[in-house]
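Predicted model, so just to flag it, every value in this text is computed and none were measured. If you read the sequence from its start, that first residue is 1, and numbering goes on from there.
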Amino acid sequence: MTPESVPFPFRIKSGMRCCQHEGFECHFVDCVAGAAGQPTGDTHSIRVKFLKNTKLVVGSALLVTSLTLLGIWYSRTPSREITRAELDQIVQAKALTDGRVRPTPYAGIYHLEGKHKLSGKSERVFLTTHLDEAQIKALFDQSWAKVEIPDQGIRGQWVMVLSNLLILGVVIGVMVYQRNIGRGKHACVTERPTVSFNDVAGIEEAKGEVSEVVDFLRDPKKYERLGGRLPKGVLLIGPPGTGKTMLAKAIACEANAHFFSVHGSDFTEVFVGVGAKRVRQLFRQAAKNKPAIIFIDEIDSVGKSRKFDTHGEHQQTINALLAAMDGFDSSQGIVVIAATNRPEDLDEALLRPGRFDRKVYVPYPDMKGRRAILQAHAAGKPIADEQKALDVIAQTTPGMSGADLANLLNEAAIFSALQNATQISQTGLEAARDKVRYGQERKSMVLNQKEREMVAHHEAGHTIIHLQTPLLPPLYKVSIVPRGQALGATTLLPDEDQHLQSKQFLLEELLVLMGGRAAERTFYDATTNGAAGDLDVARKIARKMIHEWGMGEKLYYEPEQRDAEAEINRLLETADRRAHELIQTHRENTEKLARALLDRETLTKDEVLQLLTPASAAVPAGEVLA
């Protein structure tokens, strides 16, 4: 079965280096050859390098000092604790020098330290003991004894000084951290990207919508004399990989404007107020570099509706964004461009006119768009019979995004290189397409003969029934090569994208989906979990037909109504029964096709038709489900 064809635009990759300005990606864009640019920011880069070097030197000095002090501490002679009797002997022998007596907080308890000289050697000894008044007087009569008052001696003073310095350093560090907590982490390096509208393929309608913004930024007086105002914001809405980011860069390039690019998650932090600070910082930098394009990717992560997210940080950040978009005039030459694939999550206040005045939809590409995207990415790649090969790939890739198509060509180049080929062949392109869509070919997966036969009959059932459906796109090929989670696949080749699907068309899709299951029942009198994917897609189609598209006997507005569920089941049962009847009618051709798949694994449409008798020719429209 063919996936639904949905149009889409795409982007072309550029050789652009990112550039950060106070934490935000800041590209100076100039598409006019030889145009005089703005200051490049070399002074800022030198200053950043100097600061980085200074921090490195200071950090290294502190590290060396710390290691030196630790070395001195660990290399000093360890002290030995002595007993009271040893102290009396040492005092009587007058072998103690450099002694200190320090009272402790406990009455009558004193701490003694000193050097004990013995046989030309000395060691540090200490003792904490109780001394009465007479013993203290006798001890203080010794020439070596010095009284040390706590926190008054040299050591105590050093401890106090170092403690104060440590506390001061912590306070200064916290203040510096708080001051820099909202700033970016990267230096600013100005680069001029070369992405323009000519480099963006498959997005003609979206480019047409934003071309007015480009023209306004280039020549604002043209619109101002008629009272026209530049849209403050443009919201790009579309699925992932459809070229929203590249379109924003192309707008800035064509308008010769500065480009500030951030991601919605850049505004999200644990600390309340950081996101709001970064928002203000971003708009302040844009105001200094007019004309400017501010691009916020995945804005739904920062602009989520406040009804569902009451977190203080999120509230402050989105309020700051709303205030910032209200705080500048569009005539200043600043435009905010945002991209999202979940517009339903955005706050209503963010979407009102005056903030995001224009919404541009960037859908999946149609066949013409896919062909243009493939042509753009094929530049520099040697493709055999390029025009025909790209036409076939464009026809057989409905629903793929531009990113998928770019990846497809890259995978084809890798596949051909592994084969030591000098050109990318049609076979390589189709192998890459199947890899991107279904996954890598599972060569290590070994199916026993019975399983292979069931897979072959399953795919033959899909193919035979498809040949009886006049409204569906024509067959391209059928394969039983395992890829990803699929054990086989039937590929169609539509002549054009189909945006409107009739009830009869959808019924034929249901019929084809039931073909594999019907073949299993016909030839093995059993069903397997191999039809799980087909049944899931069929259930979704049937449910949409009844609940969303009004194709049932009645209209239903409540999803849990029993009558609606009965109609859904009736659609699936009818398709299953009719598929089984068709397989019974064309049993001989189904068996013949399954045997051929077991021998060759992959068959094209022409090879399939050569195997079959005229009885399997497509019937006229309307007769299949009559």
Side-chain angles (χ1 to χ4, degrees), residues 1-11 201-206 238-243 341 361-378 387-412 426 429-439 459 462-463 465-467 469-479 483-486 488-502 504-513 515 533-534 536-538 540-541 544-545 548-549 604-605:
M1 169 183 145
T2 301
E4 295 183 54
S5 305
V6 204
F8 132 133
F10 176 64
R11 59 189 186 196
I203 193 175
E204 299 308 317
E205 294 80 5
T242 52
N341 49 26
Y361 292 90
V362 188
Y364 285 115
D366 55 14
M367 187 183 300
K368 182 179 178 182
R370 293 194 298 272
R371 182 61 177 82
I373 293 168
L374 289 168
Q375 187 65 52
H377 282 283
Q387 300 304 317
K388 179 181 177 181
L390 296 184
D391 286 341
V392 170
I393 296 300
Q395 287 180 280
T396 55
T397 51
M400 279 196 180
S401 68
D404 292 331
L405 296 172
N407 187 36
L408 187 154
L409 285 176
N410 185 61
E411 291 290 348
Q426 179 73 45
L429 288 170
E430 293 185 4
R433 177 201 59 210
D434 294 341
K435 180 179 179 180
V436 171
R437 174 172 286 168
Y438 304 113
E459 295 303 324
H462 284 310
T463 302
I465 291 185
H466 176 267
L467 293 176
T469 55
L471 298 182
L472 295 184
L475 176 71
Y476 180 62
K477 72 173 185 179
V478 56
S479 172
R483 287 185 179 275
Q485 295 183 347
T490 301
T491 306
L492 309 184
L493 186 68
D495 297 325
E496 58 184 10
D497 288 331
Q498 187 163 357
H499 305 291
L500 294 177
Q501 298 172 342
S502 64
Q504 184 68 21
F505 180 92
L506 295 171
L507 290 174
E508 289 187 3
E509 282 194 337
L510 292 178
L511 186 64
V512 174
L513 284 168
D534 299 331
D536 184 57
V537 175
K540 290 178 180 178
I541 292 176
K544 286 185 177 181
M545 289 176 67
E548 298 181 21
W549 299 330
T604 64
K605 175 186 176 180

Looking only at non-hydrogen atoms, find the nearest pair between Ala376 and Ala201 and report the distance. CB-CB, 4.4 Å

Could you tell me whether the side chain of Asp404 and the main chain of Ser401 form a donor-acceptor pair under 3.5 Å? yes

Stepwise side chain to side chain contact (heavy atoms under 4.5 Å, CB included) check, Glu509 with Val537: CA-CA 10 Å; Glu509 282 194 337; Val537 175; over 6 Å; no

Least distance between heavy atoms, Asn341 atom then Pro240 atom: ND2-CG, 3.2 Å

What distance separates Asp536 CG from Ile541 CD1, expressed to the nearest 0.5 Å? 10.0 Å

Closest non-hydrogen atom pair between Ala389 and Leu429, with its separation: CB-CD1, 3.6 Å

Counterpart residues, side chain to side chain donor-acceptor pair (under 3.5 Å), relative to Glu430 (two or more places apart): Gln426, Tyr476

Could you measure the distance from the CG atom of Leu471 to the CD atom of Glu508? Nearest 0.5 Å is fine. 4.0 Å

To the nearest 0.5 Å, tell me how far Thr491 OG1 sits from Asp434 CG. 5.5 Å

dist Thr463:OG1 -> Lys477:NZ (nearest 0.5 Å) comes out at 12.5 Å

Taking Met400 as the fixed residue, which of Asn407, Ile373, Leu408, Ile393 is the one that meets the side-chain contact (heavy atoms from CB on, under 4.5 Å) rule? Leu408

Of all the heavy-atom pairs spanning Val512 and His462, show the shortest one and how long it is. O-ND1, 2.7 Å

Residues two or more places apart in sequence or in another chain: which of them pass side chain to side chain donor-acceptor pair (under 3.5 Å) with Glu548? none

Going by the rule side chain to side chain contact (heavy atoms under 4.5 Å, CB included), which residues pair with Ala538 if we only count those two or more places apart in sequence or in a different chain? Leu510, Leu513, Met514, Leu572

Using 0.5 Å steps for rounding, measure from the CG atom of Leu492 to the NZ atom of Lys605. 10.5 Å

Could you check if a side-chain atom of Arg433 sits within less than 4.5 angstrom of a side-chain atom of Thr397, using non-hydrogen atoms only? yes

Can a donor-acceptor pair be found, under 3.5 Å and without considering hydrogens, that links the side chain of His466 to the backbone of Pro473? yes

d(Leu475 CG, Thr604 OG1) to nearest 0.5 Å is 8.5 Å

